[in-house]
Amino acid sequence: MNIHKELKANKIKTFLIILLFPLVLGVLFYASLWALFFFAQQPNSQIPVYYHVNHWASVVLPIVAVISILWMMISYYKGGDMMMRAAGAVEIKRKDSPEIYSLVQNVAATAGVPTPRVFIMNTQTLNAFATGRDPEHSAVALTVGIINKLNRPELEAVIAHEMGHIVNRDIRLTMLVSTGIGVLTLLGQILIRVRARGKNGQAALVMNIAGLVFLFYGAFLAPIIMFALSRRREFQADATSAYLTRNPLALASALEKISGRSEVEALKDNTLVSAACIEKAVKPGKFLSGLFSTHPPIEERVRVLRGN
């Protein structure tokens, strides 16, 4: 694995996500306006459809642009903390858990990055994730279960896997998408509630459409985006873990123990943060679960690590 090529590729992906996120949202909204006014237009109306579409687009799209800018700023600077709060993770210092903190510090030193902040999730299930905008502002979260159930080489390999996400800079990409989609979903819910109280019929319909577009974007496009981002990054992080620890079998053993025991209750309604975990933290749905899974099968990852 060429680290420099991966860093460059992840920077390009981040730029494209920041660029395409508002553009796709704007196109979806504009197309929805056309559909709304085309079917709602009275047959004898003298006002062309495009007049209504362009009028409301000129009102709403600048607001979407402002929201997108705010999303980028909030996600960039506070996205990591938002993900930790969503997972119910609590930050610890060296005095709270010297062994765990030292293990993270040693792996970070081997990877050549600053020691990330360390968080603990109070659940007996087995999982972990990393987040942050860069290695200087990164964080690693581990469940109580993964700390208690794995031996030291296995736990070191899991931490090295998460350090791989930090070294490869893909934590920023995942953080921006996760928090951005979360903000959009919340805005969609708010717009629909505001629409229910509106007095102006046309304005109410437009707000309804905007809310539905936001919700559609968050509920249906987000899994596809996370699918595209997550699968390859897990293999990359596995390879980085093997490189840092010189012990790929330890990670293979850890993944086998994690398999089937990775669900995190705090994330049961947050598939986006779950996508950042070493193994998905929510129970997969049956419908197209394999096609749109954000993680490659553990069996496949173990096979690669064991060299089979």
Side-chain angles (χ1 to χ4, degrees), residues 12-83 85-86 133 172-229 269-273 275 292:
I12 293 172
K13 287 178 187 176
T14 302
F15 173 77
L16 289 175
I17 286 292
I18 291 174
L19 180 65
L20 291 176
F21 198 94
L23 287 178
V24 173
L25 188 60
V27 169
L28 271 177
F29 178 72
Y30 195 75
S32 299
L33 283 180
W34 267 101
L36 169 66
F37 287 108
F38 179 81
F39 289 108
Q41 180 84 317
Q42 295 295 328
N44 57 350
S45 175
Q46 300 298 312
I47 303 175
V49 171
Y50 69 80
Y51 173 83
H52 296 292
V53 173
N54 291 339
H55 168 71
W56 284 108
S58 67
V59 172
V60 177
L61 289 181
I63 297 174
V64 172
V66 171
I67 290 172
S68 298
I69 293 171
L70 288 175
W71 155 70
M72 285 186 283
M73 293 178 64
I74 293 170
S75 298
Y76 189 80
Y77 290 104
K78 294 297 181 181
D81 290 335
M82 291 166 66
M83 290 178 68
R85 281 196 295 273
R133 64 180 185 266
R172 175 170 52 199
L173 190 58
T174 305
M175 179 188 72
L176 287 173
V177 173
S178 298
T179 54
I181 294 296
V183 168
L184 272 185
T185 303
L186 177 62
L187 283 172
Q189 293 170 346
I190 292 172
L191 281 173
I192 287 177
R193 290 194 181 99
V194 171
R195 187 271 314 165
R197 300 169 188 164
K199 294 181 180 179
N200 183 292
Q202 197 171 80
L205 277 173
V206 171
M207 282 190 284
N208 189 11
I209 287 295
L212 289 174
V213 167
F214 284 6
L215 288 174
F216 172 80
Y217 202 89
F220 295 101
L221 293 188
I224 297 174
I225 294 172
M226 294 309 296
F227 162 78
L229 296 179
D269 296 320
N270 199 324
T271 55
L272 296 167
V273 178
F292 292 110

**OP:** Drop me the distance from L33's CG to H55's NE2, to the nearest 0.5 angstrom.
**Re:** 10.5 Å
Original post:
Parallel, tilted or perpendicular: which fits the ring planes of Y30 and W34, with parallel below 30° and perpendicular above 60°?
Top reply: perpendicular
Original post:
Where do P62 and A57 come nearest, in terms of heavy atoms and distance?
Top reply: CD-O, 3.6 Å
Original post:
Can you tell me how far CZ of F38 sits from NE2 of H52, rounded to the nearest 0.5 angstrom?
Top reply: 13.5 Å
Subject >> Residue list, side chain to side chain donor-acceptor pair (under 3.5 Å) with Y76, at least two apart or on another chain >> reply: none
**OP:** Taking all non-hydrogen atoms of both residues into account, name the closest pair between S32 and V213 and its distance.
**Re:** OG-CG2, 3.4 Å
Original post:
L36 and I209: which non-hydrogen atoms are nearest, and at how many Å?
Top reply: CD2-CG1, 3.8 Å
Original post:
Looking only at heavy atoms, what is the nearest atom pair of R172 and R133, with distance?
Top reply: CD-O, 3.3 Å
Subject >> Separation between CZ of F214 and CG of L28, rounded to the nearest 0.5 Å >> reply: 10.5 Å
